[in-house]
2 protein chains.
Amino acid sequence: MAKARDTLFAALSDPTRRGIFERLCRDGDLTVRALTLQSGVSQPAVSRHLKTLKQAGLVIDRPEGRQTHYSARREGLGPLVDWTRQMGGFWEERLDALEDVLKRMDQ
Amino acid sequence: MAKARDTLFAALSDPTRRGIFERLCRDGDLTVRALTLQSGVSQPAVSRHLKTLKQAGLVIDRPEGRQTHYSARREGLGPLVDWTRQMGGFWEERLDALEDVLKRMDQ
DNA sequence: CGGATTGATAGCCATGCGGTTATGAATTAA
DNA sequence: TTAATTCATAACCGCATGGCTATCAATCCG
């Protein structure tokens, strides 16, 4: 689905949103309030960013009482990695290097 | 520079622009006209997209007579790859996957 | 030279998007 | 039960952005 790719790129295009995702990747499970405190924007803004990230498959929410915990879904970056590999071949080079190592180990 | 990263993500966020870059990655060196013909948008639109891509370090231009050739700068994707690695640990995951394979092969 | 092609820029318009405040629903605490 | 906290949604606003047409400069061809 190229649609999913579009959604993903769009979700990552905003710095604030990317900041939230980065924070979740670093610090794991956080509430909306915690995320809001250091985001520099209002709580509703954060909530909307989280909604966008969720739709892009980059976070999951875990409601718990009156607060909602969010955490990163790193696998959501998959399409981005795939696309990068298609475009660039950086990744291939590194993977190839790795495969070489493996072959050598195999002998 | 986080600024460069911002520029890069922004440049890749638009589908039309990404399409142009993909095309350049596939087909190599192309003129503005060639890119316009299959882009679905007007020539000025293409020119502006190319300008954006150039500023993001994703393409280089090569003026030649009255036409300008553009080609992809794959290294421009570097910051994207770096960021992905920082976030995800896909790399690790894949390494782990490979290790699993090795273990199985080893038995 | 004169007409045609190519690409870049300027100017305009519509839409999308991120930010805000206001408010409501749900849960927790007093 | 009342008050306070937490989060989501709605409504609104301003700006950035992508699309277009028009145009200009430069180059190539007759």
Side-chain angles (χ1 to χ4, degrees), chain A residues 2-24 27-73, chain B residues 2-24 27-73:
Chain A
K3 190 72 171 294
R5 186 177 303 169
D6 274 25
T7 313
L8 185 56
F9 272 103
L12 294 174
S13 68
D14 181 68
T16 304
R17 201 153 47 222
R18 218 163 49 239
I20 292 175
F21 179 68
E22 291 170 5
R23 177 91 193 283
L24 287 173
D27 302 351
D29 182 283
L30 294 171
T31 68
V32 174
R33 172 159 178 74
L35 288 168
T36 300
L37 285 179
Q38 59 105 52
S39 66
V41 297
S42 66
Q43 173 265 311
V46 172
S47 278
R48 277 216 332 231
H49 282 310
L50 287 168
K51 189 174 183 179
T52 303
L53 289 171
K54 184 180 174 185
Q55 286 171 342
L58 287 171
V59 303
I60 53 179
D61 57 340
R62 180 170 60 81
E64 185 178 313
R66 68 180 153 179
Q67 49 194 7
T68 310
H69 295 253
Y70 282 85
S71 50
R73 255 194 91 251
Chain B
K3 189 74 170 296
R5 187 178 302 167
D6 273 25
T7 312
L8 186 56
F9 272 104
L12 293 175
S13 67
D14 180 70
T16 304
R17 202 155 44 223
R18 216 164 48 241
I20 293 175
F21 178 69
E22 291 170 5
R23 177 91 194 281
L24 287 174
D27 302 351
D29 182 282
L30 294 171
T31 68
V32 174
R33 172 160 177 75
L35 288 168
T36 300
L37 285 180
Q38 59 105 53
S39 65
V41 296
S42 67
Q43 173 266 311
V46 172
S47 278
R48 277 218 331 235
H49 282 309
L50 287 169
K51 188 174 183 178
T52 302
L53 288 171
K54 183 180 174 183
Q55 286 170 344
L58 287 171
V59 302
I60 53 179
D61 57 339
R62 181 170 60 80
E64 185 179 311
R66 66 182 153 178
Q67 48 194 6
T68 310
H69 295 252
Y70 281 86
S71 51
R73 255 193 90 251

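In this text, all values refer to a predicted model and were calculated from it rather than measured experimentally. Chain identifiers are assigned alphabetically (A, B, ...) following the order of the sequence lines, protein sequences preceding nucleic acid strands; residue numbering begins at 1 within each chain.
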With a 4.0 Å cut-off on heavy atoms, is B/T68 in touch with a base, just the backbone sugar-phosphate, or nothing at all?
-> sugar-phosphate
Whole angstrom value for the distance that separates P of C/dT27 from CZ of A/R62 | 16 Å
Minimum-distance pair of heavy atoms, taken over all atoms of A/Y70 and A/V32 | CE1-CG2, 3.6 Å
Mind calculating the distance between CG (B/L37) and C1' (C/dG7) to the nearest angstrom?
-> 13 Å
Is B/R73 reaching over with its side chain to a backbone N or O of B/I60, donor-acceptor style, under 3.5 angstrom?
-> no
Under-4.0 Å side-chain N/O to phosphate OP1/OP2 contact, B/Y70 with C/dT6 = no
Rounded to whole Å, CD1 of A/I20 lies from P of C/dG19 at a distance of 8 Å
Are OP1 or OP2 of C/dG19 and a side-chain N or O of A/H49 less than 4.0 angstrom apart?
-> yes
A/L53 CG to C/dG18 P, straight-line distance once rounded to whole Å = 10 Å
With nearest nucleotides of DNA chain D determined for A/A34 and B/R66 from heavy-atom distances, which residue corresponds to the more 5′ nucleotide?
-> A/A34
Nucleotide range of DNA chain D contacted by chain B, 5' to 3', under 4.0 Å to a heavy atom?
-> D/dG18 to D/dC28
Going by modelled atom types, is there a donor-acceptor pair between the base of C/dG19 and the side chain of A/R48 at under 3.5 Å?
-> yes
Taken to the nearest 0.5 Å, the spacing of A/E64 CD from A/T31 OG1 works out to 10.0 Å
Should A/T16 be listed as having a side-chain N or O under 4.0 Å from OP1 or OP2 of C/dG19?
-> yes
Inter-residue atom distance A/R23.CZ - A/L35.CG, 0.5 Å rounding | 6.0 Å
With a 4.0 Å cut-off on heavy atoms, is B/T36 in touch with a base, just the backbone sugar-phosphate, or nothing at all?
-> nothing
Nucleotide nearest B/K51 when distance is taken to its side chain, options C/dA22, C/dT9, C/dA8 = C/dT9
Measure the distance from CD on B/Q67 to P on C/dT5 and round it to the nearest whole Å.
-> 13 Å
Using a 4.0 Å heavy-atom cut-off across all strands, classify B/P63 as base, sugar-phosphate, or nothing.
-> nothing
Starting at the 5' end of DNA chain C, which residue's closest nucleotide do you reach first, B/R33 or A/A10?
-> B/R33
Under 3.5 Å, side chain of A/S39 to main-chain N/O of A/T36, donor-acceptor pair present?
-> yes
Give A/Q43 one of three labels, base, sugar-phosphate or nothing, depending on what nucleic acid heavy atoms sit under 4.0 Å from its own.
-> base
Crowding at CZ, A/R62 (>12 non-hydrogen neighbours, <6.0 Å) = yes
Write down the distance between CD (B/E64) and P (C/dT6), rounded to a whole number of angstrom.
-> 14 Å
How close or far is atom C1' of C/dG18 from atom CG of B/D6, stated in whole angstroms?
-> 15 Å
To the nearest 0.5 Å, atom CG of B/L30 lies from atom NE2 of B/H69 at 9.0 Å
To the nearest 0.5 Å, how far apart are OG1 in B/T16 and CZ in B/R48?
-> 11.5 Å
